[in-house]
Each structure stands twice: as C-alpha cells, then as structure tokens.
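Written out below as structure tokens is the structure these notes cover.
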Number of protein chains: 2
Amino acid sequence: MARAATTSDAFNAVAEPRRRDILSYLATEERSVTEIVDLMEIEQPSVSKHLKVLKGVGLVEARREGRQMLYKTNPIAIRPLHEWTRTFERLWRHQLLRIKEQAEANNAQK
Amino acid sequence: MARAATTSDAFNAVAEPRRRDILSYLATEERSVTEIVDLMEIEQPSVSKHLKVLKGVGLVEARREGRQMLYKTNPIAIRPLHEWTRTFERLWRHQLLRIKEQAEANNAQK
DNA sequence: TTGACATATTCCTATATGAGAATATATTGA
DNA sequence: TCAATATATTCTCATATAGGAATATGTCAA
C-alpha cells in the first residue's frame with residue numbers, strides 16, 4: 001500500500017508546508033487565488049491544486065465573486081488536530097517541569 | 001518533486017494513522033516492539049518501520065533492555081504541532097460562538 | 001557454539017505525490 | 001461574439017511511500 005492520500009484527512013493535508021502557509025494566509029481574511037500566488041512564491045496551478053486538497057478535507061471554503069474565487073480558512077476543521085495534540089500536553093508539561101527541577105538541582109549543587 | 005519524506009518533520013510523521021496510534025500507546029509507558037505488535041494488528045516489520053520514522057523525527061525514544069527494545073513517546077516533540085494548531089484556536093472559538101448565537105436567534109424567533 | 005527469541009533491514013510493487021508546462025474552463029466587458 | 005482576466009485541469013516525471021515476504025542482525029541461555 002502507498003501513503004494515504006493527502007485528501008484522506010486533515011492530518012495528511014497539513015503535512016505539506018505550503019498548505020500550512022496557505023491556511024495561515026487565509027486565517028483572518030478571504031483572499032483570491034492570485035493574491036495567494038503573489039504572497040507565496042509558487043505558480044498559480046500549484047496554488048489551485050493545494051487549495052483543492054484543502055477544500056477536499058474542509059480546511060478552506062470557497063466562494064465565487066465575479067471571475068475570482070475567494071478562499072478562506074475554516075478554522076474549526078483544525079480543531080481535531082488540536083485535540084489530538086492536546087492529549088499529550090499534560091505529559092510534556094510534566095517533562096518540562098522535570099527538566100527545570102533538574103537544572104535547579106544542578107545549580108544548587110555548585 | 002514528490003511528497004516530502006515522512007521523516008522530514010513531525011507533521012509528516014504523524015500523518016500516518018498507525019503512527020498516531022503508536023504514539024498514543026507509548027504515551028504513558030514504555031513498551032517493547034512485540035507488545036506494540038500485539039496491541040495493533042500489523043506485522044512486526046511494519047511496526048519497526050513506523051518506529052524508525054517516529055524516532056527519526058524525535059517523536060519516540062528507544063532504549064535496549066536485553067533482547068528487547070523499549071520505546072516511549074517523547075511528548076515534547078508533539079508540542080510544535082500543538083502550537084501551530086493553537087494559532088487558529090481563537091478563530092474557531094469565535095466561529096462556534098457565532099453558530100451558537102445564530103441558533104439562539106432562531107430559537108427566539110419561533 | 002548453538003539455538004531461540006526479539007528486532008531491524010532489504011527487496012518488491014502498486015500507488016500517490018508536487019511541481020512544471022500546456023491547456024481548458026469560467027466570467028466579464030465591449 | 002470575442003478578447004481579456006482568473007482559475008482549474010491534464011499530462012508528465014522523479015520520488016517516496018506502506019505493506020508483505022524473506023532475511024539479516026543482535027542478544028541471551030545453555
């Protein structure tokens with residue numbers, strides 16, 4: 001079997017760095033494809049393809065306005081990723097605490 | 001160009017669902033490869049390969065004990081993913097609030 | 001040293017990718 | 001209808017994957 005499709009879920013879709021960039025660009029405001037192309041340094045067809053993937057998993061929404069397509073991030077679709085990472089939060093906090101305690105112990109010793 | 005390597009960063013490594021399962025299994029306790037194999041329903045070589053990817057990006061740590069290799073999740077390596085998703089948190093909260101307000105407005109109307 | 005157990009690696013294959021190039025489709029205004 | 005603008009799709013290619021099968025490596029105990 002090959003790797004899961006980029007469109008299989010949000011995890012796969014955001015694995016591509018360009019797509020994360022796009023999500024950030026579109027987080028607070030709608031933008032046309034051309035605007036995204038100008039912001040990033042990749043060709044228009046690539047941007048359209050990335051947008052298609054993001055739309056396929058619900059990470060962006062699109063709306064036509066005249067000749068333009070206006071895209072914006074659908075932040076709620078990022079929530080499942082956040083929730084998954086959050087299940088580890090308690091653990092890394094604990095880890096950081098131990099690192100800090102260790103450092104203080106070393107300090108006290110000298 | 002092809003897709004970025006699974007080992008290129010944590011985002012790519014956790015795109016594979018099996019690897020997320022493994023990270024959860026190893027979150028709170030060390031386990032041997034065989035234990036992971038028994039828990040999941042995939043072959044031992046596949047588990048070893050997934051572990052190699054996870055180790056490559058620092059998501060797990062390994063330690064030998066006799067014939068066994070004991071793996072555990074390194075939770076701190078998940079933090080960058082959490083931080084990235086967190087940049088959208090304010091936005092989806094706002095989105096949820098608007099949905100709620102809309103529902104209440106509809107309720108009051110009838 | 002040998003056998004048994006535990007894990008890792010190699011080889012294979014079907015499949016999907018991301019970028020670039022070229023082209024197609026959609027929308028508007030004249 | 002036609003030209004111009006905006007976006008999407010198709011094609012090609014080099015590359016990497018995940019799993020299965022087979023095998024290699026590592027470690028211990030006798």
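Each chain gets a letter, A, B and so on, in the order the sequences are listed, and its residues count up from 1.
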query = Does F11(B) have R20(A) sitting over its ring (NZ/CZ under 6.0 Å from centre, angle to axis within 45°)?
reply = yes

Would you mind reading off the distance between [X] atom [atom1] and [N] atom [atom2], rounded to a whole angstrom?
| X | N | atom1 | atom2 | result |
| --- | --- | --- | --- | --- |
| M69(A) | dT27(C) | CE | P | 9 Å |
| L70(B) | dA6(C) | CG | P | 12 Å |
| I36(B) | dA6(C) | CD1 | P | 14 Å |
| N12(B) | dA16(C) | CG | P | 18 Å |
| L51(B) | dT9(C) | CG | P | 11 Å |
| I22(B) | dG19(D) | CD1 | P | 9 Å |
| H50(A) | dT7(D) | NE2 | P | 16 Å |

Residue pair H50(B) / R18(B), side-chain donor-acceptor N/O under 3.5 Å =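 Their side chains do not contain a donor-acceptor pair, so the 3.5 Å distance test is not met.
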
Min side-chain heavy-atom separation V57(B)-D9(B) under 4.5 Å
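No - every pair of side-chain heavy atoms lies 4.5 Å or more apart.
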
In the structure I gave you, are the side-chain heavy atoms of N12(A) and T7(A) within less than 4.5 Å of one another anywhere?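 SC-SC contact between N12(A) and T7(A) ruled out.
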
**Asked** What is the nucleic acid contact for Q44(A), judged by heavy atoms within less than 4.0 Å: base, sugar-phosphate only, or nothing?
**Response**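 Answer is base: heavy atoms of Q44(A) come under 4.0 Å of a base.
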
Next on the checklist: Categorize M1(B) for me: base, sugar-phosphate, or nothing, with a 4.0 angstrom heavy-atom threshold over every strand shown.
Outcome noted: base

The nucleotide from dC28(D), dG29(C), dA18(D) with an atom nearest the side chain of R67(B) is dC28(D)

Regarding the side chain of Q68(B), the nearest nucleotide among dA6(C), dT9(D), dT17(D) is dA6(C)

Short side-chain N/O contact from [X] to OP1 or OP2 of [N], under 4.0 Å:
| X | N | result |
| --- | --- | --- |
| Y71(B) | dA8(C) | yes |
| K52(A) | dT9(D) | yes |
| R3(A) | dT15(D) | no |
| T6(B) | dT17(D) | yes |
| R64(B) | dT27(D) | yes |

Quiz item: Taking the six-membered ring for Trp, are H82(A) and H82(B) parallel (under 30°), tilted (30 to 60°) or perpendicular (over 60°)?
Solution: parallel

Discussion item. Go nucleotide by nucleotide along DNA chain C from the 5' end; which of E65(A) and A2(A) gets its closest nucleotide reached first?
Written reply: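 Nearest-nucleotide comparison on DNA chain C picks A2(A).
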
Item checked: 5' priority, DNA chain D, between A4(A) and E35(A) [closest heavy atom] ->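 Going by which nucleotide is closer to the 5' end, it is E35(A).
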
Report task. Return yes if the base of dA21(D) and the side-chain atoms of E43(B) contain a donor-acceptor N/O pair under 3.5 Å, otherwise no. Result -> no

